[in-house]
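The structure presented is a predicted model; accordingly, all values stated were derived computationally and were not measured.
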Amino acid sequence: MIANEIKILLLKEIKLEWRQKFALNGIVLYLASTIFTVYLSVNVKIGVLAPQTWNALFWIIILFTAVNAMAKSFILENSGRMLYYYSISRPQSFILAKIIYNGGLMILLSSLGYLIFAIILNNPVKDILLFFLNVSLASIAFATTLTMISAIAAKANNSHTLMTILSLPVIIPILLMVIRISGNAIAGMARSASSGDLLTLAALIVMIGTAAYILFPYLWRS
């Protein structure tokens, strides 16, 4: 059963992350230190940060956090371990487990980033529910896209550089969309103004996830 394989692989990801806490701690430290650097740079003590600037800075930091967090999905997997996974699970189960785990991890990191942002750089968001819905969908979209790109980049020698190059053309349109939705949440606009973008974002997640589900088996066998 694919569902049972996904469950086992998810538990494996959680256990590995718990054993190698330095990786997650490093990402959290990167997120917190970047936000604090922004705080020192814009000098919020003197003037309040404009909502548009707050919005742009938040998503740029979340984007680079996502790239750093998702890069380890396949790049840190050695060939021997991948061969073992190949012998015990379906490729569809493997990629879906990676996407689900990375999606949950990104929602956690994005929520933590928002909490730190709100404490250090004020909280201009008026529609919290819309903002968190946008954060959740954006986190899943980043995780789905970057997980598949990480799988492709892991086949190359200079995988970190290749992942960055491949991810930008795909991620930038998603980033612009989520910044627009967040801008509506910050301005307190009617939720109907963001419904089209939210549906588009959800459709992109389904499309990219479906493409990963179909194409990953070919990459898996290469």
Taking the side chain as every heavy atom from C-beta outward, state whether [X] and [Y] have any pair of such atoms under 4.5 Å apart.
X	Y	answer
M189	S194	no
D197	R180	yes
V125	N55	no
L112	L108	no
L146	N102	no
L215	M148	yes

In sequence, state the C-alpha distance, the side-chain angles, and the governing distance for M106 and L109, and then conclude on side-chain contact (heavy atoms from CB on, under 4.5 Å).
CA-CA 5 Å; M106 272 312 305; L109 290 174; 4.2 Å; yes
Please confirm whether the backbone N or O of [Y] pairs with a side-chain atom of [X], one donor and one acceptor, at under 3.5 Å?
X	Y	result
S195	S192	yes
E5	R90	yes
N134	V178	yes
W54	N122	yes

Pick out which of I61, T65, L57 makes a side chain to side chain contact (heavy atoms under 4.5 Å, CB included) with I35.
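One option only clears the test, and that one is I61.
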Which heavy-atom pair separates [X] from [Y] by the least distance, and what is that distance?
X	Y	value
L204	M177	CD1-CE, 4.0 Å
N123	A118	CB-CB, 3.8 Å
L9	A97	CB-CB, 3.6 Å
R191	D127	NE-OD2, 3.0 Å
P217	Q92	CG-NE2, 3.7 Å
A138	L201	N-CD2, 4.0 Å

For side-chain contact (heavy atoms from CB on, under 4.5 Å), just list the numbers for L115 and S111, CA-CA rounded to whole Å, side-chain angles, deciding distance to a tenth of an Å, and then say yes or no.
CA-CA 6 Å; L115 180 62; S111 300; over 6 Å; no
In terms of hydrophobic clustering (I, L, V, M, F, W, Y; side-chain heavy atoms under 4.5 Å; direct or indirect links), are [X] and [Y] co-clustered?
X	Y	answer
M207	L175	no
L96	I8	no
F64	I62	no
F36	L121	yes
I120	V135	yes

Can you tell me how the ring of F58 sits relative to the ring of Y114, calling it parallel under 30°, perpendicular over 60° and tilted otherwise?
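Perpendicular.
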In Å, rounded to the nearest 0.5 Å, how long is the span from [atom1] of [X] to [atom2] of [Y]?
X	Y	atom1	atom2	answer
I174	T200	CD1	OG1	11.5 Å
I95	T144	CD1	OG1	9.0 Å
N184	L198	CG	CG	9.0 Å
I116	L31	CD1	CG	5.0 Å
T210	I205	OG1	CD1	11.5 Å
T34	F117	OG1	CZ	9.5 Å

F142 vs S110, side-chain contact (heavy atoms from CB on, under 4.5 Å): CA-CA, chis, key distance, verdict
CA-CA 11 Å; F142 288 159; S110 299; 6.0 Å; no
Full working for side-chain contact (heavy atoms from CB on, under 4.5 Å) between I171 and T145:
CA-CA 8 Å; I171 289 295; T145 304; 3.9 Å; yes
